[in-house]
Protein chains: 2
Amino acid sequence: MASIQKVLEAISDPTRRKVLDLLKKKEMSAGELGANFDISGPSMSHHLNKLKAADLVQTTRRGQSIVYSINTSVFEDAAQFVVKFFQDTRATEDAGNDHDGEEQDR
Amino acid sequence: MASIQKVLEAISDPTRRKVLDLLKKKEMSAGELGANFDISGPSMSHHLNKLKAADLVQTTRRGQSIVYSINTSVFEDAAQFVVKFFQDTRATEDAGNDHDGEEQDR
DNA sequence: TAGATATTTAGAAAACTATCTAATTATCTA
DNA sequence: TAGATAATTAGATAGTTTTCTAAATATCTA
């Protein structure tokens with residue numbers, strides 16, 4: 001499972017949240033997604049990469065297209081983490097700077 | 001209420017998540033908080049500012065100290081947003097780039 | 001297989017973020 | 001009021017992120 005760090009970074013960008021919103025409705029190719037934004041293909045590709053690195057989406061090639069879809073299980077894990085973080089008096093994960101298993105990402 | 005954009009940016013940083021974790025246990029002054037990290041006072045101040053800009057914490061002066069505490073209501077709003085975002089088939093807020101009321105933050 | 005279409009990779013520029021030291025502001029107390 | 005303590009603001013720098021154009025890769029189809 002991707003680190004919660006990557007997930008939170010991924011969803012802290014409005015473009016990427018909108019991508020996820022679109023994918024929640026139905027899976028789409030990179031090009032179809034891009035048509036919803038005012039940015040170049042490579043920029044879209046960069047954002048899709050971050051979502052993929054966070055494991056929030058998965059891809060499969062379909063002919064010339066690469067189709068993106070939501071990775072439901074990671075979505076649910078992330079939800080659980082954030083809910084805990086905001087609702088508990090004491091959060092589970094140590095969000096600290098000292099250690100992290102997945103070694104300090106950025 | 002602070003924009004969800006600012007909230008998500010605020011919690012996408014591990015230092016700031018740890019600050020929030022500490023404050024969940026008890027309110028603390030800037031200096032007490034700083035003692036938990038290996039960064040300078042001004043850097044801590046910078047992070048506290050971001051948390052404050054997101055309205056996740058509030059401050060009150062107590063003598064020479066400035067005491068930080070969790071802003072419970074915003075915490076709960078944020079939780080609700082994120083839960084919706086991750087659980088709904090269709091998220092409520094338009095996380096898009098085109099408009100936003102609170103005008104494009106970054 | 002040549003050309004068209006879809007997407008990613010490379011490399012560079014601009015904007016933003018985190019960090020630091022030095023200086024400033026606010027408050028307390030002897 | 002002078003000096004000490006707590007915190008923030010100013011200004012600089014290093015690193016990261018977002019964005020772009022150009023080039024490369026993969027697949028389809030005539």
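Every chain is numbered from 1 and lettered A, B, ... according to where its sequence line falls, protein lines coming before strand lines. Side-chain atoms are counted along with the backbone in the values below, which use heavy atoms only and exclude waters and symmetry mates. None of the values given here were measured: they were computed from a predicted structure.
In this structure, B:Q5 atom CD and C:dC16 atom P are separated by 13 Å, rounded to whole Å. Whole-Å rounding puts the A:E9 CD to C:dA18 P distance at 10 Å. What separates CZ of A:F37 from P of D:dC20 is a distance of 13 Å, to the nearest Å. Summarising the geometry, the separation between NE2 on A:H47 and P on C:dT7 is reported as 16 Å, rounded to the nearest angstrom. In this structure, NZ of A:K52 is placed 13 Å from P of C:dT7, rounded to the nearest angstrom. Rounded to an integer number of Å, the gap from B:L33 CG to D:dT8 P is 10 Å. Rounded to whole angstrom, the span from the CG atom of B:L48 across to the C1' atom of C:dA18 amounts to 14 Å. Between A:M28 atom CE and C:dA6 atom C1' the separation is 15 Å, expressed in whole Å.
Residue A:N49 places at least one side-chain N or O closer than 4.0 Å to OP1 or OP2 of C:dT9. Between C:dC20 and B:S43, a contact under 4.0 Å exists linking OP1 or OP2 to a side-chain N or O. Distances shown here put a side-chain N or O of B:S40 below 4.0 Å from the OP1 or OP2 atom of C:dC20.
Partner of B:D21 under the salt bridge (charged side-chain N to carboxylate O under 4.0 Å, His left out) criterion, out of B:K24, B:K25, B:R17, B:K18: B:K24 alone.
Closest to the B:I66 side chain, of the nucleotides C:dC20, C:dT8, D:dA7, is D:dA7. Looking at the side chain of B:I39, the nearest of the listed nucleotides C:dT19, C:dT8, D:dT9 is C:dT19.
For B:Q80 and B:E76, the side-chain atoms include no donor-acceptor pair closer than 3.5 Å.
The pair A:R16-A:E9 fails the salt-bridge criterion, with no side-chain N (NZ, NE, NH1 or NH2) lying under 4.0 Å from an Asp/Glu carboxylate O.
The nearest heavy atom of DNA chain D to A:G63 and to A:G41 marks one nucleotide each, and the one closer to the 5' end goes with A:G41. Between A:H46 and B:M44, the residue whose closest nucleotide on DNA chain C is further toward the 5' end is A:H46. If you find the closest nucleotide of DNA chain C to B:K50 and to B:R61, the one lying nearer the 5' end belongs to B:K50. Closest-nucleotide positions on DNA chain D for B:Q64 and B:Y68 were compared, and the one nearer the 5' end corresponds to B:Q64.
A pairwise comparison of heavy atoms in A:F86 and B:F75 identifies O-CD2, 3.2 Å as the closest pair.
Each of A:V67 and A:L22 belongs to its own hydrophobic cluster when Ile, Leu, Val, Met, Phe, Trp and Tyr are linked at side-chain heavy-atom distances under 4.5 angstrom.
The residue A:R16 sits close only to the backbone: its heavy atoms come under 4.0 Å of sugar-phosphate atoms, none of a base. If you check every strand for non-hydrogen atoms under 4.0 Å, B:S65 touches sugar and phosphate atoms only.
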